[in-house]
2 protein chains.
Amino acid sequence: MNEIQVMESKEKAHGCKCEECILKNLIFNYVPDEDSYILCNVKREQSFKKGEIIVKQNSPIVDFFYIKSGIVKLSKVTESKRNHIISIAKPHDYTSLLTVFHGKNYAYTMTAIEYTEICIFPLNLIIDLVMRHGSFGIGLLKKSSKTADDIIDRFIQNNSRNLRGRIAMTLLDFSFNIYKSHIYELPVSRKEIAELIGMTTENVIRILSEFRKEKIIKINGKEIEIVDFERLKMISDRG
Amino acid sequence: MNEIQVMESKEKAHGCKCEECILKNLIFNYVPDEDSYILCNVKREQSFKKGEIIVKQNSPIVDFFYIKSGIVKLSKVTESKRNHIISIAKPHDYTSLLTVFHGKNYAYTMTAIEYTEICIFPLNLIIDLVMRHGSFGIGLLKKSSKTADDIIDRFIQNNSRNLRGRIAMTLLDFSFNIYKSHIYELPVSRKEIAELIGMTTENVIRILSEFRKEKIIKINGKEIEIVDFERLKMISDRG
DNA sequence: ATCAAGGAATGATTTTTATCATAAAACCAT
DNA sequence: ATGGTTTTATGATAAAAATCATTCCTTGAT
């Protein structure tokens, strides 16, 4: 109890109240009080409704984002005008890690796909903090390389599967990594799933219907219930 | 002349002799002499013949690699035993940037696909340097996020093209970014190209033959000459 | 020099996936 | 509520790509 009280008072003093905040913990662990105090006071929190754009591809980079709650998609339009979803990010991800340190403009559009709360820090301050506290830099490097590796891995996994395998993989991903439940509300349209795994909308719909007919899942609009987990896993693995 | 002499003496003193070394420059710019001295003295250089493995997927991470000369492929075997080439890296790339900061084991196998010289640093030392000199951390973060963004971009570009477009893109990539010439010796087999752009070996061969018959390129074994640059570009863009 | 093994090449065939067409259902703004 | 738009749905067809089969050509090891 004593420890908790100490933490609480410390948090109050810093203006950062979220206990599970990885960024905050990263800062607290390595950065002296006076610095984390500045950071916590400067940060602003902003909430976004489902569908709202948090930041647009090609707009100048000024801020560093941290997802406090909700779900966010990172997407990108190519020269050929096609839209691609790079990843679906969840709470405690730093969606800004890619690009922000080397680019002038955001490479990806960030959109809330559920009600989302974002913590926003001026990038300058983050950079300044890394400058003065190398260990914080190590922390960011760790997160950064993990984020990149995960995204690359998803691409490889996706590309080595046929369409049924991709859909199965996606449904399992939502179930395991996002909602931690066998029944959930899809936060994206069939079209967005298509953009995420690189296939046509028609085929996404068709294969979801197949899975329904094969009694692997139940569908009710956007609600998905995984009924035959084993088979779905098999399709994801073999497919 | 005077300046060059100064540089030379400084380089001698540090045991790092490569003028174009980005890593060295990064260190020199931000790290005091005594530290860069340690790093340069500890580093070892190693050369690899075409085909030799530099480091294997899943082996424990101990070193940080920097490509001094040559060309290297990063590849990964998935659970389904399929081999995927993630990227082709050239001199002055830090191929280690992905994974090394967060993982226990290398996520990718590094193989020399031409005679290659690698500078090898104990990762601990790099981390220690970031700890003590935040600006060096910023430098690595920049390189790291750039590397990741480039790889992700290549995946997106690749996935939004048909097979002819992918081959065209690859041939142009070798021409522009690696060999800076319209005529070059392919450093990889048709099978490896297939693993790089996610298609079958037969189709790689077939489409190369098509391009030859359509007089877009000339083929002589591994030697490729781009004859009709415009058409190749068009196929890469539209395809 | 010879043989085995892998790489390159090409055709025929099958499978997979995209495209086109149409319609019902859900959603939104007035 | 109503009309318009987007999303979901399904079928038919065309196009793209993988697979299978066979041959030739290189290359490296003995």
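Below, chains carry the letters A, B, ... as their sequence lines are ordered, and counting in each starts from 1.
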Side chain of [X] only, please: which of [options] is the nearest?
X       : options                   : value
R190(A) : dT8(D), dA18(D), dT10(D)  : dT8(D)
M199(A) : dA18(C), dT8(D), dT10(C)  : dA18(C)
R212(B) : dT10(C), dA18(D), dA8(C)  : dT10(C)
I219(A) : dA9(C), dA18(C), dA9(D)   : dA9(D)
E202(B) : dA18(C), dA21(C), dT10(C) : dT10(C)
S189(A) : dA9(D), dT8(D), dA21(D)   : dT8(D)

Discussion item. Quick one about H182(B) and S175(B) (side-chain donor to acceptor, distance below 3.5 Å, no hydrogens or angles considered), yes or no?
Written reply: no
Query raised in the report: Between F121(B) and Y94(B), does the ring centre distance come in under 6.0 Å?
Result: no
**Message:** Tell me if the side-chain of R206(A) makes a donor-acceptor pair with the base of dT19(C), cut-off 3.5 Å, by modelled atom types.
**Reply:** yes
Quick check: any donor-acceptor pair below 3.5 Å linking the side-chain of R161(A) to the base of dT16(C)? no
Under 4.0 Å, heavy atoms only, any strand: does L163(A) hit a base, just the sugar-phosphate, or nothing? sugar-phosphate
Categorize N203(B) for me: base, sugar-phosphate, or nothing, with a 4.0 angstrom heavy-atom threshold over every strand shown. base
Atom [atom1] of [X] and atom [atom2] of [N]: how far apart are they, to the nearest Å?
X       : N       : atom1 : atom2 : value
N162(B) : dA14(D) : CG    : C1'   : 15 Å
N220(B) : dG7(C)  : CG    : P     : 19 Å
K191(A) : dC27(C) : NZ    : C1'   : 16 Å
K222(B) : dT26(D) : NZ    : C1'   : 10 Å
I224(A) : dT8(D)  : CD1   : C1'   : 12 Å
E195(B) : dG7(C)  : CD    : C1'   : 13 Å
L208(B) : dA9(C)  : CG    : P     : 7 Å

Identify whether the distance between the nearest side-chain nitrogen and carboxylate oxygen of [X] and [Y] falls below 4.0 Å.
X       : Y      : answer
R44(A)  : D63(A) : yes
D153(B) : K76(A) : yes
E45(A)  : K43(A) : yes

